[in-house]
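Contents: one structure, followed by commentary.
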Amino acid sequence: MRVVDLFAGLGGMSCGAIEAGADVVLAVDSDPAPLKVLGANAPQTTIIVATLGEGRDEVSLPPAAPDLHVHLSTPCTEISVARRGTSADTTGGLQMIRWAVSFALDRNEHSWSLENVPTKATRALMAELVAANPKRVAFGVFDSADFGAPQSRRRLIAGPPKVIRMLQGIPYARRVSVRDAFNRAGKELPAAYCKNQTRSQNGRPTMRGVETQSFTVCAGHALTWCDADGKTVSVMTARDSAILMGFPLTYTLPKGSRAAQRAVGNAMCVALSKAIVLAAIAVRKGDAAVSVETIAVPEAPAPPPPPTKKRPAFELSHRQYRRLRRRVEALEGGMSISRSGAQHGDALLD
């Protein structure tokens, strides 16, 4: 299947689509910095810098076809509850979602998907669009952790009803912990816990252990490594965040820690992207479901055992020393008996 990635950013959708076996033929975004990095990571993909939306740049896409899937990750900054904006602040973001759905329907796309944050406003808008187009639009809310991501990241996904039902029918993948993800990447964990920017009711930091999934990776600020008491060990690097997002270590990130964190946090989680494309491929092939083997998350390799210090050849254990001492004493005892016997024989001869 061919994939077009609109509002592509750093390429979370593109990366997941490639892992699903698709060909990403086009990626479009208004920010040239992360888009250039996407192009470096996926050199076979055509990248176009353009501002999408009503009355904005027009981009030539491949014609709608059964083997083409168009994905739209419309901006969520204005809508996200993390911003705690007013209703007026969400207008632009909601209008962009409405435009994106209309764009896919007007092109008569066989397969498409839209991703954004699940808020009361976005759910209400999607319910309205589903009511107006019940045979062409459906949506659901999905947690990337259910598809093998090492973080909790809930997203609203819309698309044709068959694609959404197929995505809903994908069995849960094996839960992947932060430790699993870092072991697979071959990186050591800086601490046993991580925390976000919130506080619990008792005023303590909100923390999670590395044996479970992390909090959602954000664009504005990274998560923080901490100890069991909530004391900061270090702030997560952009590469740490990228591991939690599912990007491979070979995936190049933008230069500069702030730019890299912003691009990673704004990206789509690779595990969910892969699941969407697998669902689209299964619908096109007429499959009843996505097989468990297709989405299986490999077990993280066990960490290598700590190096053992070899005992020098001349160094003996306590047990070996006692055993050798007993043998020496026995030999000395036998020699003394032999000597006394020989002396007694000499006396008799005299």
query = For the atom pair OG (Ser102) and CG (Leu129), what is the distance rounded to the nearest 0.5 Å?
reply = 7.0 Å
task = Determine, using the 4.5 Å side-chain heavy-atom cutoff (strictly less than), whether Phe103 and Val59 are members of one ILVMFWY cluster.
result = yes
key: pair Leu68-His110: side-chain heavy atoms closer than 4.5 Å   = no
inquiry  = Restricting to non-hydrogen atoms, name the atom on Ile243 and the atom on Ala185 that form the minimum distance, rounded to 0.1 Å.
reply    = CD1-CB, 4.0 Å
Within 6.0 angstrom of Arg107 CZ, more than 12 heavy atoms from elsewhere = yes
note = Which of Arg262, Gln261, Gln197 passes side-chain contact (heavy atoms from CB on, under 4.5 Å) with His221? It is Gln197
key: Pair Arg98 + Glu128, salt bridge at N-O below 4.0 Å   = yes
message = Angle between ring planes, His69 versus His71, binned at 30° and 60°: parallel, tilted or perpendicular?
response = parallel
key: Straight-line distance of Met166 CE to Ile276 CD1, nearest 0.5 Å   = 14.0 Å
task = With the side chain counted from C-beta on, respond yes when Trp225 and Leu189 share a heavy-atom pair under 4.5 Å apart, and no when they do not.
result = yes
query = Is it the case that more than 12 heavy atoms not belonging to Lys187 sit under 6.0 Å from its NZ atom?
reply = yes
inquiry  = Ignoring hydrogens and geometry beyond distance, is a side-chain donor-acceptor pair present between Ser177 and Glu211 at under 3.5 Å?
reply    = no
ask   = Given the rule in the side chain to side chain contact (heavy atoms under 4.5 Å, CB included) test, do Leu26 and Thr45 qualify, once you have shown the distances and angles that lead to the verdict?
value = CA-CA 6 Å; Leu26 177 65; Thr45 301; 5.6 Å; no
query = Is the side chain of Arg155 donor-acceptor paired with the backbone N or O of Ser144 at a distance under 3.5 Å, no angle test?
reply = no
inquiry  = Can you tell whether the side chains of Asp23 and Arg2 come within less than 4.0 Å, N to carboxylate O?
reply    = no
query = Is the shortest side-chain N to carboxylate O distance from Lys285 to Asp287 below 4.0 Å?
reply = yes
request  = Evaluate the criterion side chain to side chain contact (heavy atoms under 4.5 Å, CB included) for residue pair Val49 and Asp29; output intermediate values, then yes/no.
outcome  = CA-CA 5 Å; Val49 178; Asp29 197 88; over 6 Å; no
message = Do Thr224 and Thr232 pair up side chain to side chain, a donor and an acceptor below 3.5 Å, judged on atom types alone?
response = no
Contact check, side chains of Lys231 and Cys226, non-hydrogen atoms, under 4.5 Å = no
Test item: Leu156 and Val117 side chains (from C-beta on) under 4.5 Å apart, heavy atoms = no
query = NZ of Lys162 to OG of Ser111: how many Å apart, nearest 0.5 Å?
reply = 11.5 Å
task = Say whether Asn116 and Thr122, considering side chains only, have a donor N or O and an acceptor N or O under 3.5 Å apart.
result = no
message = Grouping I, L, V, M, F, W and Y whenever their side-chain heavy atoms are under 4.5 Å apart, do Phe7 and Val4 come out in a common cluster?
response = yes
inquiry  = Between Thr206 and Lys195, does the side chain to side chain contact (heavy atoms under 4.5 Å, CB included) criterion hold? Intermediate values first, please.
reply    = CA-CA 6 Å; Thr206 307; Lys195 61 182 179 179; 5.9 Å; no
key: Note: Asp180-Arg174 ion pair, threshold 4.0 Å (strictly below)   = yes
Met207 side chain near Arg204 side chain, heavy-atom distance below 4.5 Å = yes
inquiry  = Would you say that more than 12 heavy atoms from the other residues, nucleotides or ligands in this model lie under 6.0 Å from the CZ of Arg258, or not?
reply    = no
inquiry  = Could you tell me if Arg208 sits above the aromatic ring of Phe215, with its cationic atom closer than 6.0 Å to the ring centre and no more than 45 degrees from the axis?
reply    = yes
ask   = Pro160 versus Val137: any side-chain heavy-atom pair under 4.5 Å?
value = no
Validation row: Leu10, Phe247 side chains within 4.5 angstrom (heavy atoms) = yes
inquiry  = Strictly distance-based, threshold 3.5 Å: is any side-chain N or O of Glu115 a donor or acceptor partner for the main-chain N or O of Met268?
reply    = no
request  = Could you grab the distance from atom CE of Met236 to atom OG of Ser214, nearest 0.5 Å is fine?
outcome  = 5.5 Å
request  = Indicate if Leu35 and Val24 have the same hydrophobic cluster label, given that clusters are the connected sets of ILVMFWY residues with side-chain heavy-atom separations under 4.5 angstrom.
outcome  = no
request  = Return the orientation label for the Phe142 and Phe147 ring planes: parallel under 30°, perpendicular over 60°, tilted otherwise.
outcome  = tilted
query = Nearest 0.5 Å, what's the CG-CE distance between Leu72 and Met96?
reply = 10.0 Å
query = Under a single-linkage definition using a 4.5 Å side-chain heavy-atom cutoff for Ile, Leu, Val, Met, Phe, Trp and Tyr, are Met245 and Val210 assigned to the same hydrophobic cluster?
reply = yes
message = If you count every heavy atom of other residues, nucleotides or ligands that lies below 6.0 Å from Glu58 atom CD, does the total exceed 12?
response = no
message = Evaluate Leu272 against Asp146 for side chain to side chain contact (heavy atoms under 4.5 Å, CB included), listing each step before the verdict.
response = CA-CA 9 Å; Leu272 181 54; Asp146 294 334; over 6 Å; no
message = Can you confirm whether Leu38 sits close enough to Ser14 that some side-chain heavy atom of one is under 4.5 Å from a side-chain heavy atom of the other?
response = yes
inquiry  = For Val290, is there any backbone N or O sitting under 3.5 Å from a side-chain donor or acceptor partner on Thr294?
reply    = no
request  = Drop me the distance from Gln168's CD to Ile157's CD1, to the nearest 0.5 angstrom.
outcome  = 11.0 Å
